[in-house]
Protein chains: 2
Amino acid sequence: MNLKELSQILGLSQTTVSRALNGYPEVGEATRRRVQEAAAAHHYRPSTRAKGLATGRAMAIGHVIPVSTRHEIVNPVFADFIAGAGETYAAKGYDMILSVVDDDREARTYRDIAAKRNVDGILVHGPELNDPRIALLTELGLPFVVHGRASGVALPYSWLDVNNTRAFRRATDFLLDLGHRRIALVNGLEEMDFAARRRRGYEAALLARGVAPDPALMRSSEMTENYGHEAAAEMLRLPDPPTAFLTASMISALGVRRAIEDAGLKMGRDVSIVTHDDDLGYLRNGDGADPIFTATRSSVREAGRLAAAMLLELVADPDRTPRSRLMEATLVVGQSTGPAPQQAQAALSQRR
Amino acid sequence: MNLKELSQILGLSQTTVSRALNGYPEVGEATRRRVQEAAAAHHYRPSTRAKGLATGRAMAIGHVIPVSTRHEIVNPVFADFIAGAGETYAAKGYDMILSVVDDDREARTYRDIAAKRNVDGILVHGPELNDPRIALLTELGLPFVVHGRASGVALPYSWLDVNNTRAFRRATDFLLDLGHRRIALVNGLEEMDFAARRRRGYEAALLARGVAPDPALMRSSEMTENYGHEAAAEMLRLPDPPTAFLTASMISALGVRRAIEDAGLKMGRDVSIVTHDDDLGYLRNGDGADPIFTATRSSVREAGRLAAAMLLELVADPDRTPRSRLMEATLVVGQSTGPAPQQAQAALSQRR
DNA sequence: ATGAAAGCGCTAACAT
DNA sequence: ATGTTAGCGCTTTCAT
């Protein structure tokens with residue numbers, strides 16, 4: 001069923017039918033109702049391509065997900081972010097187009113997307129410190145919003161980020177309040193902007209208390225359980241081992257926990273863990289925190305919703321000045337928090 | 001840069017330029033080269049929508065990902081599957097359109113997708129035992145491939161699945177070979193076809209050895225760490241507790257492990273775990289198995305690649321008879337396999 | 001081997 | 001309040 005057929009059935013012109021369906025005011029109320037009913041009855045839906053061609057708008061947003069051929073893993077937080085963004089798009093009648101791309105050839109992909117004109121805007125994932133995509137997309141004139149930020153880029157652009165610096169500063173403070181002084185950081189890859197920010201928050205908290213950051217207690221790699229396990233195991237073998245671990249994800253935290261257990265230590269008595277939970281609900285305990293962890297938590301799904309909404313506004317008015325939004329993570333205190341749990345709770349309620 | 005502009009620059013008609021670029025034989029070799037060079041120089045890419053409108057093909061495949069508003073979680077295996085499918089699409093010049101949809105309103109979504117005509121085919125995720133989508137899509141005449149199967153559906157359709165029955169039968173056999181008789185099954189939601197198959201494999205193995213499946217040792221729920229923990233904890237409190245656990249995912253396996261440790265038992269000495277790893281590489285130990293687990297493993301990314309390829313063939317020839325493909329999972333033996341590891345290794349090498 | 005023209009399904013000026 | 005007409009950027013007959 002297309003517009004032509006529908007208008008013939010109704011004995012109206014395509015124009016009138018189109019106007020009735022798109023809410024133009026000059027159409028009579030009776031006519032509009034009649035048209036709407038017929039459209040519903042015949043399951044009429046306008047062809048996206050034809051509409052796009054006529055309006056010049058694609059009614060679609062592109063997400064480029066970088067994938068490396070080396071490890072067959074896709075960052076699982078993408079899934080939640082995309083689910084959130086998808087909700088927004090669905091509500092506004094937009095499609096979401098995913099391009100899976102080898103992380104090396106990304107530039108070409110963005111050029112192609114711009115030239116093919118099948119999206120009205122792009123959501124940029126996983127920015128690095130000096131991410132070249134921001135300059136590229138600016139040059140191409142394609143509206144975009146970055147999930148995260150690129151600290152090294154001077155251009156103005158729109159972004160939405162979690163306040164990673166603050167989250168990790170707060171988590172470190174929490175451990176310091178408990179009396180910990182040897183706090184290890186099991187961080188993500190530091191080419192990633194978010195990881196660099198996390199480290200800055202961690203270091204700032206230490207320095208503010210006069211504790212010198214110890215390179216032997218800082219690791220950076222891709223977040224796997226195994227990485228968490230190895231990193232923690234090695235650090236626990238140091239002459240002056242850490243009494244607490246700050247990890248950048250629940251997954252690595254699980255590895256850290258395993259290392260602690262392997263070493264014959266007791267979680268929460270001998271050693272503490274604070275982790276950052278990017279909404280990996282599978283690892284959460286219902287609505288509360290996992291009882292064995294204390295975690296800073298941000299809602300990736302909500303971030304997806306909001307970032308998509310920002311992008312749609314930008315698409316509607318491409319000349320608007322770039323906007324940004326910083327989401328705060330919450331600190332959720334679990335059961336076994338280390339030397340002095342009571343003290344921890346007090347410190348926490350203060351900080352809220 | 002569009003076709004009109006490009007053809008004016010070249011002093012040729014749009015027709016000739018189009019033919020040159022699309023490999024039609026009647027174009028002179030010299031002309032073709034000249035056109036191709038100009039196209040490359042000006043970064044010309046045909047507009048997807050215009051091309052689609054003219055050819056009647058969308059050059060896009062739809063994936064509908066069901067999301068519940070209750071739990072803010074997206075099944076993480078989707079990400080890997082989609083990454084695999086995306087590779088295939090990119091290689092063949094197809095776009096991938098993702099629709100995120102509340103799991104209740106799915107039928108309407110498929111109707112809309114068909115009516116909007118912006119995809120040439122659909123990949124169906126997470127089939128239930130009697131999945132209504134198969135009949136719906138057949139009726140709509142939209143080519144589709146199912147990732148998984150719907151055992152209750154009689155219609156012929158194309159699918160790609162992992163041999164879950166065999167994987168779980170083999171895993172159960174493995175535990176039986178080790179001497180276990182009280183084997184618990186911590187399964188996924190049994191409305192899901194794959195979970196039902198897994199249970200069948202488990203039961204078949206038990207029955208073949210004359211061990212009666214005990215309902216007290218069988219659980220079914222959504223795969224979270226917490227679920228694994230609770231299920232295992234309760235079972236371990238039984239008067240006749242299990243000596244081995246068979247779990248349907250690495251995530252729930254982590255919960256099971258925690259319950260085992262909570263109970264003061266030693267993994268691999270007192271109790272064993274065999275899990276099914278759907279490629280959640282974050283939880284894997286490099287290329288080998290996690291040393292504490294024994295797992296059946298399937299490559300979700302590869303499944304995505306293959307399913308997408310099957311769908312593209314179907315799109316090219318919608319009248320071809322449905323085809324199916326069954327992927328085998330491998331059994332990977334970890335370190336601590338229970339009462340008699342040596343025996344396990346022997347049993348395994350036999351079974352390969 | 002190349003071009004002119006029609007048409008894919010829709011929207012948006014421009015009538016009336 | 002409704003209709004006529006001209007595109008949007010491409011492919012595809014049909015001529016030449």
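The figures here come from the full heavy-atom set of this structure, side chains too, leaving out hydrogens, waters and symmetry mates. Lettering follows sequence order; numbering is per chain, from 1.
With a 4.5 Å cut-off on side-chain heavy atoms, A:D131 and A:V146 do not count as touching. Residues A:E191 and A:L129 fail the side-chain proximity criterion, which asks for heavy atoms closer than 4.5 Å.
Counting any heavy atom pair closer than 4.0 Å across all strands shown, A:T55 reaches sugar-phosphate atoms only and no base atom. At the heavy-atom level, A:R49 lies nowhere under 4.0 Å from the strands shown. Note on A:G56: nothing from the nucleic acid sits closer than 4.0 angstrom, heavy atoms only.
Rounded to whole angstrom, the span from the CE atom of B:M59 across to the C1' atom of D:dT11 amounts to 14 Å. Nucleotide C:dT16 holds its C1' atom 14 Å from the CD atom of A:E26, rounded to whole Å. Rounding to whole angstrom units, OH of residue B:Y44 and C1' of D:dC10 are separated by 7 Å. Following rounding to the nearest Å, A:R32 (CZ) and D:dA1 (C1') show an atom-to-atom distance of 11 Å. Going from atom CD of B:Q14 over to atom P of C:dG3 covers 11 Å, rounded to whole Å. Straight-line distance from the CG atom of A:L3 to the P atom of C:dG9: 10 Å, rounded to whole Å. Between the CG atom of B:N22 and the P atom of D:dT12 there is a distance of 8 Å, given to the nearest Å. Taking atom CG on A:N118 and atom C1' on D:dC8, their separation rounds to 15 Å, with Å as the unit.
Between B:Y24 and C:dA1 there is no side-chain N or O to OP1 or OP2 distance below 4.0 Å. Close to D:dC8, at under 4.0 Å from its OP1 or OP2, lies no side-chain N or O of B:N2. At least one side-chain nitrogen or oxygen of B:S13 sits closer than 4.0 Å to the OP1 or OP2 atom of C:dG3. Between A:T16 and the phosphate of D:dG3, there is a side-chain N or O to OP1/OP2 separation shorter than 4.0 Å. At least one side-chain nitrogen or oxygen of A:T31 sits closer than 4.0 Å to the OP1 or OP2 atom of D:dT2. OP1 or OP2 of D:dG9 has not a single side-chain nitrogen or oxygen of B:K4 nearer than 4.0 Å. Proximity of B:S18 to the phosphate of D:dT12: no side-chain N or O atom is located under 4.0 Å from OP1 or OP2.
Between B:R19 and B:R45, the residue whose closest nucleotide on DNA chain D is further toward the 5' end is B:R45. Nearer to the 5' terminus of DNA chain C, by closest-nucleotide assignment, is the contact made by B:V17 (compared with the other of B:V17 and B:A50). Each of B:R117 and B:P25 lies near DNA chain C, and the nucleotide nearest B:P25 is the one positioned closer to the 5' end.
Taking every heavy atom of both residues into account, A:A60 and A:Y94 meet most closely at N-CD2, 3.5 Å. For the residue pair B:R323 and B:E313, the shortest heavy atom distance occurs at NH2-OE1, 2.6 Å.
Relative ring orientation between A:F81 and A:H147 is described as parallel, the plane-to-plane angle staying below 30° on a 0-90° scale split at 30° and 60°. The aromatic rings of B:Y89 and B:H63 stand perpendicular to each other, their planes meeting at an angle above 60°, with 30° marking the opposite boundary.
Applying the 3.5 Å distance criterion, the base of D:dT4 shares a donor-acceptor pair with the side chain of A:T15.
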